[in-house]
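Structure record follows, encoded as structure tokens.
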Amino acid sequence: MDHTRAPLVEALADYHRLGRYGFTPPGHRQGRGTDERVLEVIGRDAFESDVLLTAGLDDRLSRSGYLARAEALMADAVRAETAFFSTCGSSLSVKAAMMAVAGGQDGGLLVARDSHKSIVAGLIFSGVLPRWITPRWDAAQHFSHPPSPQDVRQAWEQHPDAAGALIVSPSPYGTCADIAGVAEVCHERGKPLIVDEAWGAHLPFHEDLPTWAMDAGADVCVVSVHKMGAGFEQGSVFHLQGGLIDPARLSECADLLMTTSPNVLVYAALDGWRRQMVQHGHELLESALRVAEEARRRLAEIPGIAVLEKELLCAEASHDLDRMQVLMDVSGTGASGYQAADWLREHRRLDMGLTDHRRLLATLSMADDKSTIDTLIDAIEAWRGQLHDPAPPRIALPSPSDLELETAMLPRDAFFGPVEAVPAEEAAGRIAAEQLTPYPPGIPVAVPGEVLDAAVVDYLRTGLDAGMNVPDAADSRLRTIRVVAGT
């Protein structure tokens with residue numbers, strides 16, 4: 001296929017060249033009706049390119065096939081059979097994949113318990129029964145690793161009627177599962193593997209990065225181009241191969257969730273990024289990996305900062321690591337990751353990719369270079385230099401066994417059933433009716449339908465006092481927790 005072409009980008013250029021005008025949405029009419037004060041901030045070009053896909057960029061029947069051609073080129077670029085674009089992020093894409101595989105199936109779906117909150121939302125929407133795959137816990141680091149092939153095999157042995165399996169790789173921390181091994185275990189049973197690879201859009205384009213899910217044998221994988229690529233926020237693609245998932249069913253499930261007014265800017269950016277990566281991706285990532293290695297080396301020289309790598313890779317930990325994710329343990333300084341992130345934003349105008357009670361994550365991309373890394377390191381050194389007896393608030397960290405909550409109800413039934421808000425100190429022993437999710441990384445500590453325990457409640461409440469963000473709780477301070485009424 002001709003990867004010098006970008007059908008959606010070219011169509012948008014033609015739209016401008018021909019001076020098209022639509023008596024259709026959007027009502028701002030390519031910025032003509034937009035407040036000048038808004039244009040000064042966002043820019044007129046953004047509004048000029050915000051046009052309809054159908055009866056706009058393409059005709060009313062999409063006869064030019066711009067989107068279909070762009071999706072075919074994307075699939076070819078990453079060695080998939082089919083690709084679907086989404087303007088609602090991987091949060092939509094993974095829900096569509098779950099519904100296509102397990103919707104209406106009594107056996108449920110094997111799901112890694114370290115999954116993102118969007119996957120739990122998919123369980124609530126679809127009514128699919130989760131058959132949890134327990135992650136591997138590192139109690140010393142208070143950290144979970146993706147499940148191993150043996151973990152998945154054990155889950156299949158316990159739940160042989162499940163419709164398929166879903167794992168997350170890479171994790172938000174950059175740790176990766178043995179996808180090839182997990183895929184082999186699933187395929188022994190003739191069952192499909194879904195990989196939430198939201199953090200892995202760049203993986204197909206360089207051999208020194210962790211293995212791309214399609215190359216490893218996954219049946220469908222979901223990527224967020226906006227995370228590690230050069231797309232706009234919400235730009236996502238899901239890729240399909242093999243014969244275990246019906247592409248028509250997958251497309252129809254996506255259509256159930258997809259907006260009928262997709263943003264052409266998001267689609268065109270996906271298309272243009274694919275062309276860029278086919279033509280220049282290896283060179284760009286080669287440089288980015290060198291920059292990341294330099295950042296790791298220099299950050300590790302700062303007193304009290306441990307740049308994690310070998311701690312994340314061993315037989316009982318993760319299979320591989322995306323070294324573009326620079327994960328720092330700052331506990332040796334006496335401070336928390338929350339404190340470090342707040343100082344960096346306030347004093348150096350830098351935002352970090354992820355923080356928790358002891359870690360700080362710098363997510364690097366192919367756009368970073370020596371100048372941005374110098375800025376990061378200078379800021380971390382300045383933070384470390386001004387640090388005197390930080391004394392972060394205590395967080396009551398639960399044990400791995402405390403985090404393995406009993407599932408008493410379907411997430412859907414717990415969420416949509418009768419609920420009541422109870423004081424947090426009375427929530428232990430009750431069935432959760434809402435997600436309780438430290439964000440980032442966005443992995444729920446409690447899922448609707450799980451029986452809360454005192455250790456989890458104490459962890460979340462002390463975490464909030466220390467700087468944790470739990471945005472999806474109805475009571476943002478967790479004075480009360482929504483639970484299933486009468487349980």
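- Other residues, nucleotides and ligands contribute over 12 non-hydrogen atoms within 6.0 Å of the CZ atom of Phe84.
- Panel note: side chain Asp178, backbone His319; no donor-acceptor pair is recorded below 3.5 Å.
- For the residue pair Ser236/Ser86, the side-chain donor-acceptor check at 3.5 Å is not satisfied.
- Side-chain contact annotation: Asp356 with His142, donor-acceptor N/O pair under 3.5 Å absent.
- Formation of a donor-acceptor pair under 3.5 Å by the Ser90 side chain with backbone atoms of Ser93 is not found in this model.
- No more than 12 heavy atoms of other residues, nucleotides or ligands sit less than 6.0 Å from atom CG of Asp106.
- Salt-bridge formation is detected for the pair Arg348/Asp378: a Lys NZ or Arg NE/NH1/NH2 atom is positioned less than 4.0 Å from an Asp or Glu carboxylate oxygen.
- The number of heavy atoms from other shown groups lying within 6.0 Å of CZ (Arg32) does not exceed 12.
- Ring centroid separation for the pair Tyr267 and Tyr66 does not come in under the 6.0 Å cut-off.
- The existence of a salt bridge linking Arg153 and Glu188 is confirmed by a sub-4.0 Å separation between a basic side-chain nitrogen and an acidic carboxylate oxygen.
- Defined by atom type and a distance below 3.5 Å, a donor-acceptor pair is present between the side-chain atoms of Asp50 and His28.
- A donor-acceptor pair under 3.5 Å is absent between the side-chain atoms of Ser365 and the main chain of Met228, judged by distance alone.
- Of the possible polar contacts, none joining the Ser62 side chain to the Asp58 backbone as a donor-acceptor pair under 3.5 Å is found.
- Between the side chains of Thr87 and Asn263, no donor-acceptor pair of N or O atoms lies under 3.5 Å.
- Counted by atom type alone, Gln279 and His3 present zero donor-acceptor pairs between their side chains at under 3.5 Å.
- A donor-acceptor pair under 3.5 Å links the side-chain atoms of Arg29 to the main chain of Pro26, judged by distance alone.
- Considering every non-hydrogen atom in both Val307 and Ala300, the closest pair reads CG2-N, 3.6 Å.
- A side-chain N or O of Asp368 and one of Thr372 form a donor-acceptor pair less than 3.5 Å apart.
- Between Arg298 and Asp374 there is a salt bridge, with a side-chain nitrogen of the basic residue lying less than 4.0 Å from a carboxylate oxygen of the acidic one.
- Side-chain atoms of Arg136 come within 3.5 Å of backbone N or O of Pro146 as a donor-acceptor pair.
- Between Ser49 and His16, the side chains place a donor N or O and an acceptor N or O closer than 3.5 Å (distance only, hydrogens not considered).
- Panel note: side chain Lys191, backbone Ala162; a donor-acceptor pair is recorded below 3.5 Å.
- Between Tyr439 and His116, the ring-plane angle classifies as perpendicular under the 30° and 60° cut-offs.
- When each of Ser171, Ser318, Ser169 is paired with Cys176, the side-chain contact (heavy atoms from CB on, under 4.5 Å) condition holds for Ser169 and for no other.
- With respect to Glu301 and Arg297, a salt bridge is recorded, a charged nitrogen being found less than 4.0 Å from a carboxylate O.
- When all heavy atoms of Tyr15 and Gly22 are compared, the closest pair comes out as OH-N, 4.2 Å.
- A donor-acceptor pair is defined here as one N or O able to donate and one able to accept, closer than 3.5 Å; such a pair exists between the side chain of Arg412 and the backbone of Phe125.
- In this structure, Arg79 contributes its side chain and Pro204 its backbone to a donor-acceptor pair below 3.5 Å.
- Counting only distance, with no hydrogens or angles, the side chain of Glu197 and the backbone of Ala213 share a donor-acceptor pair below 3.5 Å.
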